[in-house]
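Here's the structure we're looking at; comments come further down.
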2 protein chains.
Amino acid sequence: MKRDRLNSISLNHIRINDSFWNRYTSLVSDKILPYQWEILNDRVEGAEKSHCIRNFEIAAGRAAGEFHGFVFQDTDLAKWIEAAAYTLSFFHNNTLQDTVDAAIELIAAAQSPDGYINTYFTVKEPKGRFKNLSEGHELYTAGHMMEAAVAYYEVTGKDRFLKIMCKMADLLCDVFNSEEYENAVPGHQEVEIGLIKLYRVTGERKYLDLAKAFIDRRGTKPNYLATEKLKPDWIDVFHNPDPFIPEYAQCDEPVRMQKTARGHAVRAVYMYSAMADLAYEYDDEELLTVCKTLYDDITCKQMYITGGIGQSGLYERFTVDYDLPNDRNYSETCASIGLALFCRRMAQITHEEKYLSTMETALYNTVLAGVSLDGESFFYVNPLEVWPDNLIPYTSLAHIKPVRQKWFPCACCPPNIARTLASLGEYVLFTDDDSLWINMYVGCQCETKLGGVPVTLTVESGLPFAGKALVKVHATEPFEGRLMLRIPEYTSDCRIRCDCGGEIRECGVAKGGVYQEIPLTYKGDGEYDMSVMLDFEMPARFIYANSRVQADAGKVAVVKGPVVYAAEEIDNGRDLSEFIVDTGMGIQEEYDTDLMGGCMTLTLSGYRQVSTDKSVLYGTRPPETVSAKLKLIPYAYWNNRGIGEMRVWIRHM
Amino acid sequence: MKRDRLNSISLNHIRINDSFWNRYTSLVSDKILPYQWEILNDRVEGAEKSHCIRNFEIAAGRAAGEFHGFVFQDTDLAKWIEAAAYTLSFFHNNTLQDTVDAAIELIAAAQSPDGYINTYFTVKEPKGRFKNLSEGHELYTAGHMMEAAVAYYEVTGKDRFLKIMCKMADLLCDVFNSEEYENAVPGHQEVEIGLIKLYRVTGERKYLDLAKAFIDRRGTKPNYLATEKLKPDWIDVFHNPDPFIPEYAQCDEPVRMQKTARGHAVRAVYMYSAMADLAYEYDDEELLTVCKTLYDDITCKQMYITGGIGQSGLYERFTVDYDLPNDRNYSETCASIGLALFCRRMAQITHEEKYLSTMETALYNTVLAGVSLDGESFFYVNPLEVWPDNLIPYTSLAHIKPVRQKWFPCACCPPNIARTLASLGEYVLFTDDDSLWINMYVGCQCETKLGGVPVTLTVESGLPFAGKALVKVHATEPFEGRLMLRIPEYTSDCRIRCDCGGEIRECGVAKGGVYQEIPLTYKGDGEYDMSVMLDFEMPARFIYANSRVQADAGKVAVVKGPVVYAAEEIDNGRDLSEFIVDTGMGIQEEYDTDLMGGCMTLTLSGYRQVSTDKSVLYGTRPPETVSAKLKLIPYAYWNNRGIGEMRVWIRHM
């Protein structure tokens with residue numbers, strides 16, 4: 001029997017209204033989208049040239065010139081359109097809509113008569129289509145275009161872009177079901193997600209089947225990606241002297257046999273997301289078990305406390321269990337976005353709280369750290385410990401930037417952050433026929449139906465800094481349903497009170513890690529108003545890593561609710577490694593209204609261990625111990641006040 | 001007035017006779033040289049092909065084929081000959097000498113009529129001579145050939161190779177004093193050392209002047225290395241997409257203005273060695289001051305406790321002060337050899353103990369770690385913390401090998417270790433007209449002269465594991481002189497007693513860090529026998545790093561005498577990071593005669609901090625603390641008993 005899948009709310013039916021999150025969603029509409037549009041059009045001085053729109057114009061025959069940028073440059077526009085589409089659900093702006101429509105017409109003009117759409121191959125390598133799947137990123141690019149087309153269709157109802165991408169999907173079905181490509185799989189997974197989304201809005205089953213085929217073929221023999229180079233018409237794309245590494249592309253063994261997250265982190269979690277969707281669509285418990293195993297491997301052995309994944313600075317990849325260095329890791333912003341996508345899907349199918357906990361961790365920490373508070377700069381790489389002095393080009397740490405960048409030559413992260421923030425509504429709530437599932441306590445208003453009856457849900461929340469939320473349900477017709485309230489894992493106790501028509505009822509104290517069910521029954525007539533008040537007990541806490549994590553031995557991290565904290569040089573002086581916290585002295589919490597627009601700060605008590613003779617590198621004299629305090633701010637907010645040291649894991653005594 | 005320079009003893013006049021070191025010098029004669037000769041001739045199955053001899057044969061017209069290997073492949077033979085030459089001073093073996101002579105004839109045959117000798121350019125790029133000094137390594141290769149030629153001449157008196165290299169040096173003088181090359185400098189420093197050695201045996205001043213010119217030109221404008229690529233006849237060697245980095249090659253500013261060690265570590269210390277020589281030869285106090293400043297920067301801010309240098313895994317380079325990560329560093333064996341060469345020269349000129357202390361640290365730890373106790377495998381990279389699980393190809397840690405390798409594609413280190421061990425006699429003693437300077441207490445016998453009178457010096461030593469040494473001077477004629485006994489920095493007190501003709505005299509207790517002078521006066525006739533007994537107080541000690549070294553915060557290293565210790569998994573189980581030492585509990589010393597041929601072991605007392613629930617990655621529960629011991633062995637001996645974790649810096653409470 002097919003599992004009950006919880007659904008995200010259509011973004012047209014939910015409005016985020018939250019002091020913490022609206023800051024970010026406003027950044028998307030007011031700053032990031034306009035800025036990125038200028039970037040895509042090469043109109044920002046001093047920023048890396050994107051050439052993205054120009055490539056489409058050349059492919060469309062509207063401009064002359066050569067292709068520039070990465071082979072997957074088109075995805076910058078795709079993710080921008082996807083973000084713009086989501087944004088149009090709450091930001092009704094004709095200029096933005098006209099811009100998107102024009103961009104879609106440009107895409108249409110750049111599409112080949114057979115449906116093919118990819119400016120790199122159309123302009124630069126017309127004979128190279130599907131000749132180098134390992135590096136060509138054609139399917140990856142198509143996947144992002146499909147996601148954008150579906151998003152725009154769902155928010156605006158306009159199907160122009162959807163039809164363009166269906167034509168491309170039809171071509172892909174023809175090609176990748178042909179004998180020549182019967183073992184072929186994408187080099188960089190993503191098209192599976194796009195095809196599934198396309199299937200869900202069109203009902204075209206072959207799209208779903210192709211997505212499934214890509215998963216089922218992957219890692220089987222003959223290994224297409226590992227051997228395609230031998231084909232006579234293979235074309236080189238990256239000119240990379242390293243050999244193809246099957247593990248890097250998750251094709252070293254059949255997907256259903258994989259038990260550990262490996263290889264390039266973004267590819268991995270995009271694939272796992274598609275696998276979760278397919279497990280549901282095909283009622284495939286075996287595939288779901290694989291997803292669960294991979295989730296457990298990530299979260300129990302390979303994930304940073306910030307929700308960052310992909311430990312190796314080289315090749316942006318997973319390494320091995322418990323290898324979680326804090327100062328040289330990659331932890332790409334896109335990888336945490338992908339992790340959130342995977343977890344959301346797992347929660348939709350399994351209804352288990354733990355997936356939402358991981359999703360929330362990724363969103364509140366690594367994803368938000370990806371963008372500055374002014375929306376003008378971005379992190380691609382997200383270490384947990386930064387010492388700007390040693391981040392030198394042409395060294396082992398060259399991939400780590402001590403300050404957010406305006407743009408990147410490989411600019412996958414900034415538009416990915418934008419589309420994620422703009423679609424926040426898809427993360428905060430799920431529904432099924434008769435239930436409303438609250439995943440994240442984010443202030444919002446939502447129009448939906450329970451048992452066929454229209455209800456209005458309103459959430460007010462003090463999170464992430466204050467552990468209070470108010471959930472209100474309003475209806476005007478009799479109905480029966482239930483509220484499923486996530487009691488987050490980080491809550492020791494949550495006191496729940498209901499107010500139904502003025503009658504306040506204690507509903508007990510829930511422990512974290514579950515959904516708490518609140519029945520909603522309305523048999524009368526007139527207005528129905530039900531409120532649930534939640535008091536989350538969520539003091540700041542010291543967190544210890546598993547002792548197998550060598551990098552965190554003798555250290556603690558500090559979290560409050562879903563937020564991971566970090567110390568910065570600007571608050572504490574340099575050489576943060578000198579500080580040692582006395583965990584017995586507790587954590588002092590203070591909300592600072594003036595700090596970065598309002599932020600809960602935490603202060604630790606302990607000592608600094610300082611060498612008495614700073615001229616000596618090694619000596620027999622222990623460092624001197626002096627009393628000290630250490631001020632912490634949310635990890636997501638680091639590097640918003642200039643360059644300096646930062647660290648999440650603090651030594652403790 | 002020119003400084004008094006202390007001289008190394010001719011290797012023909014010193015015999016190492018030491019239980020600790022003879023093990024290594026025997027390895028050179030019995031294993032390493034024969035093995036490496038087979039390697040150079042491509043006769044070792046399963047090892048990387050060297051092609052080194054083959055390249056010479058092709059250049060000499062004795063074989064057909066193409067050049068293979070690195071552009072500096074010739075240096076493998078050069079360093080092998082240099083090591084063989086030193087070895088012949090104590091290992092009188094006709095087969096070895098015949099092999100070297102034949103190799104020299106091969107080199108002679110490969111030399112061009114104008115003196116040029118370099119198989120890469122002769123065979124592969126005949127038009128490329130001196131057209132890419134940044135990458136071509138021609139001068140670097142020539143330098144090693146010169147060193148080998150001088151070594152062979154000094155030990156055997158045979159001048160065939162010396163003349164070959166003088167002809168090459170003459171060519172270099174012509175080329176690099178010409179107008180076209182008036183600003184040119186070597187890409188990789190080394191020829192400066194070779195030219196100075198050649199000058200010292202031939203008296204040919206132009207060799208010395210060219211070495212000086214290379215130092216004086218370096219980093220001045222126009223910057224030859226940074227601009228040579230623009231010349232029309234430039235040839236590409238490495239096809240490296242990265243730009244030329246002046247700092248990498250120590251040419252970002254004039255040498256005399258450099259205050260910090262930067263760039264590729266081996267290049268740096270080879271250059272500093274030449275600078276020290278030139279400072280003496282030209283009585284150049286300014287240059288000597290630069291050397292002192294650079295030494296201080298290295299040893300007070302950028303050196304590992306093991307004498308390892310070059311912190312970045314990428315580009316084998318220095319990074320910034322106090323950046324001393326233990327798990328991803330390069331610390332190339334050759335860099336520590338170069339550091340020892342630099343320090344030896346500085347001690348010869350300044351007579352300061354501190355340089356010998358650094359030299360000794362490099363030799364006893366990183367250099368010895370470079371070779372296995374069976375002489376069959378080698379480390380190129382020397383981290384201070386190894387967790388084999390995470391050393392995966394195509395990750396940030398791919399440069400680190402958890403076990404010594406049989407050979408390397410870029411095989412600079414193994415023959416460099418061989419030549420260093422075989423020339424140990426040059427490190428242990430210095431002389432001047434009337435003094436004998438004992439630098440390292442290594443058992444040996446040495447014939448020299450003091451005030452023109454022949455004396456025999458005999459040293460017996462318990463070092464590095466036992467702090468006892470006996471220094472004996474024997475003469476048969478009247479003389480006046482002095483013994484200068486290095487009292488190492490690591491000695492808290494050294495009791496000195498003299499026995500002159502049966503009369504035992506207490507000579508006081510010396511503190512570490514100086515030379516202690518013992519007058520030698522003999523006015524009588526017959527046999528003169530003077531003995532000095534030294535009792536070094538050198539218990540094992542905990543060492544703390546400067547608190548600015550973030551990687552070592554909260555940790556101690558343990559040393560005994562010149563030897564740095566390390567914990568290994570084989571003695572202590574995995575997850576060494578779980579251990580925390582109670583420094584108040586002392587260090588238990590035990591000499592284990594059965595362990596790796598006899599070795600002082602140290603045992604620490606403390607605790608292990610172990611997660612109670614190993615399935616959880618992050619939690620609020622602190623790890624459980626259980627009593628534990630940690631056994632340490634000398635760092636140089638690690639990885640002689642199979643693969644496993646290793647760490648030098650241990651957490652302390």
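The sequence lines fix the lettering, A, B, ..., with proteins before strands; numbering per chain opens at 1.
Contact detail for A:R317 and B:I392: the closest heavy-atom pair is NH2-CG2, 3.7 Å. Scanning all heavy atoms of the two residues, the minimum distance from A:L314 to B:S396 falls at N-OG, 3.2 Å. When all heavy atoms are compared, the tightest approach of B:P623 to A:Y544 is CD-CD2, 3.6 Å. Closest approach of A:N546 to B:S615, counting heavy atoms only: ND2-N, 4.4 Å. Residues B:Y618 and A:I543 share a closest heavy-atom pair of CB-CG2, 3.6 Å.
When the candidates B:S312, B:S547, B:C300, B:P393 are compared by the number of heavy-atom contacts under 4.5 Å with chain A, B:S547 comes out ahead. In terms of heavy-atom pairs under 4.5 angstrom with chain B, the leader among A:Y330, A:Y248, A:W387, A:F542 is A:W387. The greatest number of non-hydrogen atom pairs below 4.5 Å with chain A, out of B:Q609, B:M653, B:R541, B:M303, is found for B:M303. The most heavy-atom pairs under 4.5 Å with chain B, out of A:V616, A:N329, A:T612, A:T620, come from A:T620.
Both the backbone and the side chain of A:V610 come within contact range of chain B, with heavy atoms under 4.5 Å apart. Interface remark: B:T583 contributes no atoms to any contact with chain A (heavy atom separation under 4.5 Å). Only the backbone of B:D613 comes within contact range of chain A, judged by heavy atoms closer than 4.5 Å. Interface remark: B:E247 contributes no atoms to any contact with chain A (heavy atom separation under 4.5 Å). In this structure, the portion of B:K301 lying under 4.5 Å from any heavy atom of chain A is its backbone and not its side chain. When heavy atoms are compared at a cutoff of 4.5 Å, B:I580 does not approach chain A at all. Only the side chain of A:E645 comes within contact range of chain B, with heavy atoms under 4.5 Å apart. For B:R621, the part lying near chain A is the backbone, with the side chain staying farther off; criterion is any non-hydrogen pair under 4.5 Å.
Side chains of B:E385 and A:Q550: a donor-acceptor N/O pair is absent below 3.5 angstrom, by distance only.
Identified by a heavy-atom distance below 4.5 Å to chain B, the contributing residues of residues 552-563 of chain A are A:D552, A:A553, A:G554, in residue-number order. Proximity to chain B at a heavy-atom threshold of 4.5 Å picks out A:T319, A:V320, A:D321, A:Y322, A:D323, A:L324, A:D327, A:R328 from residues 319-328 of chain A, in numerical order. Annotation: residues 237-246 of chain B contacts chain A through B:D242, B:P243, B:I245 [non-hydrogen atoms, separation under 4.5 Å].
Scored by the salt bridge (charged side-chain N to carboxylate O under 4.0 Å, His left out) test, B:D582 finds no partners at all (sequence neighbours excluded).
From B:D296, atom CG reaches atom CG of A:L617 across 11.5 Å, with rounding to the nearest 0.5 Å.
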| For A:S577 and B:R548, what are the C-alpha separation, side-chain angles and deciding distance, and is it a side chain to side chain contact (heavy atoms under 4.5 Å, CB included)? | CA-CA 8 Å; A:S577 61; B:R548 297 214 58 203; over 6 Å; no
